[in-house]
Amino acid sequence: MIDYIKESFGELKANVTWTSWSEGQRLMVVVAVFSIIFSLIIWGIDSVFGELIKLYFGVIS
């Protein structure tokens, strides 16, 4: 198990190409903006369906 962990860290250091710090920050901003937009879309759809269900059950009662 210890050999596996050592080899894993060695592979991360030798074989993985890491992005630059500025590229990482840019990508983080892209992910954050996409996450906010996507959550607002989901919130809007949920609100619309919630109102439709209230109207539906209000008519039935």
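Bear in mind that the values here come from a model prediction, so they are computed numbers and not experimental data.
Between Trp43 atom CH2 and Asp46 atom CG the span is 9.5 Å, to the nearest 0.5 Å. One finds the CG atom of Asp3 at 10.5 Å from the OG atom of Ser8 (value rounded to the nearest 0.5 Å).
Within the structure, side chain to side chain donor-acceptor pair (under 3.5 Å) contacts touching residues 14-35 (residues at least two apart or in different chains) are Ser20-Ser22, Glu23-Arg26.
Counting only heavy atoms from C-beta outward, the side chains of Leu40 and Ile36 approach each other to under 4.5 Å.
Under a 4.5 Å side-chain heavy-atom cut-off, the cluster of Ile, Leu, Val, Met, Phe, Trp and Tyr residues that includes Ile37 is completed by Met28, Val29, Val33, Ile41, Ile45, Val48, Phe49, Leu52.
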